[in-house]
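Working notes for the structure below.
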Amino acid sequence: MSEIVASLAALAGFVVGAIAMVAVRPRDKKRPDPTDNPESVLPQGVASVLAVLPSSAVVLGRDDRVLRASSAARAFGLVKGDHLMAAELLALARQVRRDGEIRESEFEVARHKFGMEVTTFAVRVAPLGTHGQVLVLAEDQTERRRVEAVRRDFVANVSHELKTPVGALSLLAETIQDASDDPVAVDRFAGRMQHEAARLTYLVQDLITLSRIQGGEPIPTPSCVPVDEVVHEAMDRCNTKASSKEIALVTGGTEGLQVWGDDELLVTALRNLIDNAVAYSPENTRVVVSTRPAGDTVEVSVSDQGIGIPESSQERIFERFFRVDAARSRATGGTGLGLAIVKHVAVAHGGEVTVWSKEGSGSTFTLRLPAFGGTAIAVPSTTKSLEAAK
């Protein structure tokens, strides 16, 4: 009996559900379909084009509601939900909707991502279709602006740095001509001319080196480079300058290490670090070049007992032509490009350069370079192995 009652109850439930569905269905047919509204439908093919555009793209409806927005537009904060957040863009879109004319402009957006960041956009706004829709394209120009600013500064700095020795050479030549009957004066001014000519030569060489590596591209044909040979060659090129100040150049650390890279570029980078250490160290001190394995990298450090670098300047010392003490740099004959070259050489090798410094206590610059074979292992040189066999 209970089974019959349960079956009847189930049948009754089914009938009630069927009646409810029939009652609801006519009302569903009366609901408006959003696609029936032409103002909310994008022209054919527009959605596919917007999906592949690298720039920020937004389509606004007649009521300023966002109908479609690219992921870039949302990532930059131009769109939230179905609202366009930039008031300048919204005003521009309304003007385009009124007169149908394409407009271009630029504007900036401040973002709180890593501190306060300002992004510059080049904007193009155009009418889309015949239902009051507007297309907004915003191209991020921040990096291009930064590169242009760096290029302008670089040209200005190069012009200034070239003008100084060239002007000095011209003036010294005139002075020698006027003092042609004074051998002592001629000899003194000729020495000054040689100094300025050498400074000009170093500047040109550094500019050529920097232009070769500043693109950030990796070394095209890296090879196994013995670190000991790089250290010895760099120290040999700096030995004369160090001897004139009675500064001892000392090596230490692990021998037999090898790295991937270009030996000449690595010698240039290390020479610049040693040159700086000698130039900013007092007489009768020492500069230590040490090497050590560090997992998959090799660390080459240059330590001095010099004047040190103020903490406020340490973030900028790898910029081109930046000088902590401009007067002292010119007195030592520096071009202001040495540390910039070191940084670019490190980046080109897939490594990095860091600095530790304290005013009055000296500085330590460390080059970290990828080890040959993926692991920093000391390999005895062939010369030492032969000597041991004897």
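Below, all heavy atoms of this structure are taken into account, side chains as well, without hydrogens, waters or symmetry copies.
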Evaluate the side-chain proximity of [Y] to [X]: yes if any heavy-atom separation is below 4.5 Å, no if none is.
| X | Y | value |
| --- | --- | --- |
| Val125 | Ile102 | no |
| Val225 | Val230 | yes |
| Asp262 | His349 | yes |
| Asn239 | Leu249 | yes |
| Val134 | Val59 | no |
| Leu172 | Met193 | yes |
| Glu283 | Ile247 | no |
| Leu257 | Asp228 | no |

Restricting to non-hydrogen atoms, name the atom on [X] and the atom on [Y] that form the minimum distance, rounded to 0.1 Å.
| X | Y | answer |
| --- | --- | --- |
| Gly100 | Pro127 | O-CG, 3.5 Å |
| Val186 | Ala179 | CG2-O, 3.1 Å |
| Phe76 | Asp140 | CZ-OD2, 3.6 Å |
| Val300 | Leu270 | CG1-CD1, 3.9 Å |
| Ala269 | Val345 | CB-CG1, 3.9 Å |
| Ser301 | Thr364 | CB-CG2, 4.1 Å |

If hydrophobic clusters are built by linking Ile, Leu, Val, Met, Phe, Trp and Tyr wherever their side-chain heavy atoms come under 4.5 Å apart, do [X] and [Y] end up in the same one?
| X | Y | answer |
| --- | --- | --- |
| Val66 | Val96 | yes |
| Val227 | Trp260 | no |
| Val231 | Ile377 | no |
| Leu200 | Phe189 | yes |
| Met235 | Val288 | no |

Donor-acceptor check, side chain of [X] to backbone of [Y], threshold 3.5 angstrom: yes or no?
| X | Y | answer |
| --- | --- | --- |
| Lys245 | Val278 | yes |
| Gln305 | Ser281 | no |
| Thr285 | Pro282 | yes |
| Ser290 | Gly252 | no |
| Asp82 | Arg65 | no |
| His344 | Leu339 | no |
| Ser313 | Ile309 | no |
| Arg74 | Gly81 | yes |

For this session: Give the C-alpha distance, both sets of side-chain angles, the deciding distance and a yes or no for side-chain contact (heavy atoms from CB on, under 4.5 Å) between Val287 and Val250.
Result: CA-CA 6 Å; Val287 172; Val250 182; over 6 Å; no

For this session: Answer yes when Asp64 and Arg97 have at least one side-chain N-carboxylate O distance shorter than 4.0 Å, and no when they do not.
Result: yes

Problem set entry | Salt-bridge contact Arg368-Glu352 (side-chain N to carboxylate O under 4.0 Å) | yes

Exercise. More than 12 non-hydrogen atoms from neighbouring residues, nucleotides or ligands closer than 6.0 Å to CZ on Arg192, yes or no?
Worked result: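 Open.
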
Distance (rounded to the nearest 0.5 Å) between [X] [atom1] and [Y] [atom2]:
| X | Y | atom1 | atom2 | result |
| --- | --- | --- | --- | --- |
| Ile274 | Lys241 | CD1 | NZ | 11.0 Å |
| Asp236 | Thr240 | CG | OG1 | 8.0 Å |
| Ile317 | Ser357 | CD1 | OG | 7.5 Å |
| Leu137 | Leu135 | CG | CG | 4.5 Å |

For this session: Evaluate the criterion salt bridge (Lys or Arg N to Asp or Glu O under 4.0 Å) for residue pair Arg237 and Glu264; output intermediate values, then yes/no.
Result: CA-CA 12 Å; Arg237 297 186 187 184; Glu264 186 58 36; 3.3 Å; yes

For this session: Assign the ring pair Phe121 / Phe107 to parallel, tilted or perpendicular, where the plane angle (0 to 90°) is split at 30° and 60°.
Result: parallel

Problem set entry | Thr366 and its side chain to side chain contact (heavy atoms under 4.5 Å, CB included) partner, picked from Val353, Val355, Thr354, Leu273 | Thr354

For this session: Output, in order, the C-alpha distance, side-chain angles, deciding distance and verdict of side-chain contact (heavy atoms from CB on, under 4.5 Å) for Val79 and Val58.
Result: CA-CA 8 Å; Val79 174; Val58 181; 3.6 Å; yes

Problem set entry | Pairs flagged by side chain to side chain donor-acceptor pair (under 3.5 Å) wherever residues 98-107 is involved - sequence neighbours left out |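 Only Gln95-Arg103, Asp99-Arg103, Glu104-Arg124, Glu106-Arg145 qualify under side chain to side chain donor-acceptor pair (under 3.5 Å).
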
